[in-house]
Colleague: 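The following block contains the structure, expressed as structure tokens.
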Protein chains: 2
Amino acid sequence: MVGIKDIAKKAGVSISTVSYALNGSPKVTEETRARIQAIADELNYVPNMAARTLKSRQTKIIGVYLADYGGSFYGELLDGIKKGLAHYNYEMIVCSGVKSHLFIPERMIDGALILDWTFKTKEIEQFADRGHSIVVLDRQLTHENIRQVILDNKGGATLAVEQFASAGTKKMYLISGPEKGYDSNQRLETSRRELDRFAIPYEIIEGDFTEPSGYKAIQTILEESPQKPIDIFALNDEMAIGVYKYIKETPYEIGTDIRIIGFDNSELGAFIQPRLATISYSKHRWGIVAAETIIKLIQGQATEHEHIYTSFISGGSFTK
Amino acid sequence: MVGIKDIAKKAGVSISTVSYALNGSPKVTEETRARIQAIADELNYVPNMAARTLKSRQTKIIGVYLADYGGSFYGELLDGIKKGLAHYNYEMIVCSGVKSHLFIPERMIDGALILDWTFKTKEIEQFADRGHSIVVLDRQLTHENIRQVILDNKGGATLAVEQFASAGTKKMYLISGPEKGYDSNQRLETSRRELDRFAIPYEIIEGDFTEPSGYKAIQTILEESPQKPIDIFALNDEMAIGVYKYIKETPYEIGTDIRIIGFDNSELGAFIQPRLATISYSKHRWGIVAAETIIKLIQGQATEHEHIYTSFISGGSFTK
DNA sequence: TTGTAGGCGTTATCAA
DNA sequence: TTGATAACGCCTACAA
């Protein structure tokens, strides 16, 4: 491996001169700087990350923790994060799995962005206690070294319920999400509260944000209540897709017999017929805001918790 | 930050003893080992990655390079890679973007898995020349330090053409992929060769593997040839989805007026009505094989180039 | 303007 | 069975 030592030898100078030259210090002549740079290029010199990190105590890399890479969901988000970080000259790596949590205390990364329900809150707090900067996208957490950039699930759920209310819904079915999930709980609680407010009776059918759980949920619903129209708020789009799938096998029609609204504005929902009405938000913006927040946190600038707001997207699956 | 020095002080031993103890060397008594371990735990000691890497010259991390994170395509693949690497006690990080290429010469990762057409072959070869181990999933490359684990596009394209041939196709439309892409070129060339072999006339409509390009392609096709059935081989599923989208706005029917086969067996293709006939392969297996190959390459074991084989999945979009 | 030397946290080689 | 010490590659006061 070629190091500054090799360059120094070839250039006939000391290693410190090389170091100064390469780091653009004003302590060397422009002439020698150019000469040394040329030699470095010629030798294909690349600084050793480990050695540099050992001194400078920072890697300029942010770790993004995801539970899994599935679904087209993450594409836009990661894109936003990447763009946001690039602005500050930071790189990003995407990690998943419990072993990579070590990257944080090992100081392989300068900070972490977490959207991974398998990452225990306790562990996150421990890392924060040890001084590591973390931004969480999927829970509420108050700590000096932690910031949240979270979805306005409350606003989204409110929007959905309002739609149903103004459409004269007599009874609502809520297909819920994972019990421990932050997003799913927020959406569920808000929906209940809003429905109570409108005095609309409702029933909760258990789901877990997966397509099959939506498929099963609609079966349960149809078993008991053939009263049309059947109004459903699926707490995410994937489960709504599951509903579509089952309905395709029945004489029911989405949009007339079944009125349904999802959450997340997934690609699939936009494609299926009729289009799935849903609650939307900018995943891209979410990423950018998260990136800015972690950088500011690292750099010691003042930062607040952030929210990403939602909007209603109409579609053929829900007609008044 | 707490290092082995702190532990040594607290335990009243030398740092080397601590190092031995923590690394499970047989050179220390089980007793002192336990005592030191206890102190390390108490102090929340985590080894410094940079320092360790500096000595040991390896990180036990493999970098996976992707052009983007979009599409549900990568989920299964990354899952396979992760599983494959875990078996050898390696971690994985997912990278994208030209700046992260530096991770390779910086020795932040022990090896790279590349499925990223934006990664220049020349650059890959340079890294390989410098002794870095690389496995490419999206091109053919012969080098001492490079192995390929590539899709059997030829087999897949052959399967598709055979289907059309046995269905009595009179004329084929091929919707092509990106000009520079390895997969798209392989698929296109093989299709042409096979079609020639069956003496089936064909026409190439340019596409770029994106949904909109499929949407545009079918418009072009319909403009010139209203002769039914219209037989189309879309070189990937996304473009086939584009075809579906446009057809939905016309009186034509997929499966009867338009017969179409895709490539990749995407999730979306399995969901849409009628189901998209396509060429399938195990993305999971692809990942596992790639993982095994890079590890063996790093460890200096003998490795061959590998192929991932394909199969035909029938669907309502193509009926004989 | 350039060189010398010490240190970053670990590992590993010798001695003790 | 342990301890002192020299690397690893780079950075940076401080000295020349």
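No experiment lies behind these values; they were computed from the predicted model shown. Naming convention: chains lettered A, B, ... in sequence-line order (proteins, then strands); numbering from 1 in each chain.
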Colleague: Please confirm whether the shortest side-chain N or O distance from A/Tyr45 to OP1 or OP2 of D/dC10 is below 4.0 Å.
Modeller: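 Indeed, a polar side-chain atom of A/Tyr45 lies that close.
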Colleague: Does A/Ser19 make a side-chain N or O approach to OP1 or OP2 of D/dT12 shorter than 4.0 Å?
Modeller: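 Answer no for this pair, as no side-chain N or O of A/Ser19 is under 4.0 Å from OP1 or OP2.
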Colleague: Has B/Glu144 got more than 12 heavy atoms of other residues, nucleotides or ligands less than 6.0 Å from its CD?
Modeller: no
Colleague: Whole angstrom is fine here: how far is it from NZ in B/Lys5 over to P in C/dG7?
Modeller: 9 Å
Colleague: When the distance from CE of A/Met1 to C1' of D/dC8 is rounded to whole Å, what number comes out?
Modeller: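 For the pair A/Met1 CE and D/dC8 C1', the rounded distance is 10 Å.
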Colleague: Looking for any heavy atom pair under 4.0 Å, which part of the strands does B/Thr32 touch: base, sugar-phosphate only, or nothing?
Modeller: sugar-phosphate
Colleague: For residues 93-111 of chain B, which residue pairs qualify under side-chain hydrogen bond (donor to acceptor under 3.5 Å, both in side chains), counting only residues two or more places apart or in two chains?
Modeller: A/Lys82-B/Ser96, A/Asn89-B/Lys99, B/Thr59-B/Asp110, B/His101-B/Glu123
Colleague: From CD1 of B/Ile4 over to P of D/dT2, roughly how many Å is that when rounded to an integer?
Modeller: 16 Å
Colleague: Within less than 4.0 Å of OP1 or OP2 of C/dT11, is there a side-chain N or O belonging to B/Arg52?
Modeller: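 Answer is yes, contact under 4.0 Å.
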Colleague: Counting side-chain heavy atoms from CB outward, which of C/dT2, C/dG9, D/dC11 is closest to A/Val28?
Modeller: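 Nucleotide nearest to A/Val28's side chain: C/dT2.
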Colleague: Using heavy atoms to find the nearest nucleotide of DNA chain C for A/Gly12 and B/Ile15 separately, return the residue whose nucleotide is more 5′.
Modeller: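 Nearest nucleotide further toward 5': that of A/Gly12.
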Colleague: Between atom CD in B/Glu30 and atom P in D/dT2, what is the gap in whole Å?
Modeller: 12 Å
Colleague: Looking only at non-hydrogen atoms, find the nearest pair between B/Ile7 and B/Ala40 and report the distance.
Modeller: CD1-CB, 3.7 Å
Colleague: When you check the phosphate oxygens OP1 and OP2 of D/dG3, does a side-chain N or O of B/Ser14 lie under 4.0 Å from one of them?
Modeller: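 Yes, within the criterion.
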Colleague: When you check the phosphate oxygens OP1 and OP2 of C/dC8, does a side-chain N or O of B/Asn48 lie under 4.0 Å from one of them?
Modeller: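 Negative; the distance criterion is not met.
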Colleague: Among the candidates D/dA13, D/dG3, C/dG7, find the nucleotide nearest to the side-chain atoms of B/Tyr20.
Modeller: D/dG3
Colleague: How long is the line joining CG of B/Asp6 and P of C/dC8, in whole Å?
Modeller: 11 Å
Colleague: Does a nitrogen or oxygen in the side chain of B/Arg57 sit under 4.0 Å from OP1 or OP2 of D/dG9?
Modeller: yes
Colleague: Charged N to carboxylate O below 4.0 Å: is that the case for A/Lys122 and A/Glu125?
Modeller: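 Salt bridge absent between A/Lys122 and A/Glu125.
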Colleague: Ignoring backbone atoms, test whether A/Thr53 places a side-chain nitrogen or oxygen under 4.0 Å from the OP1 or OP2 oxygen of C/dG9.
Modeller: no
Colleague: Distance check needed: D/dT12 P versus A/Asn23 CG, whole Å only.
Modeller: 7 Å
Colleague: Assign each of B/Ala50 and B/Lys27 to its nearest nucleotide of DNA chain C by heavy atoms, then name whichever residue's nucleotide is nearer the 5' end.
Modeller: B/Ala50
Colleague: Using the side-chain heavy atoms of A/Leu54, tell me which of these nucleotides is nearest: C/dC8, D/dC10, C/dT11.
Modeller: C/dC8
Colleague: So among B/Asp41, B/Leu22, B/Val28, which one has a side chain to side chain contact (heavy atoms under 4.5 Å, CB included) with B/Ile36?
Modeller: B/Leu22
Colleague: Strictly below 4.0 Å: does B/Thr29 bring a side-chain N or O up to OP1 or OP2 of D/dT2?
Modeller: yes
Colleague: Mark yes or no for a side-chain to base donor-acceptor pair under 3.5 Å between A/Ser16 and C/dG3, with no hydrogen or angle criteria applied.
Modeller: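 Result: at least one qualifying N/O pair found.
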Colleague: Side chains of A/Thr210 and A/Asp208: is there a donor and an acceptor less than 3.5 Å apart?
Modeller: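 Result is yes, a qualifying pair exists.
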Colleague: With distance as the sole criterion, do the side chain of B/Lys55 and the base of C/dA12 form a donor-acceptor contact below 3.5 Å?
Modeller: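 Flag unset: no donor-acceptor pair detected.
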Colleague: Figure out the CD/C1' separation between B/Glu31 and D/dT2, and round it to whole Å.
Modeller: 14 Å
Colleague: Mind calculating the distance between CG (B/Leu22) and C1' (C/dA12) to the nearest angstrom?
Modeller: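 Taking CG of B/Leu22 and C1' of C/dA12, I get 15 Å after rounding.
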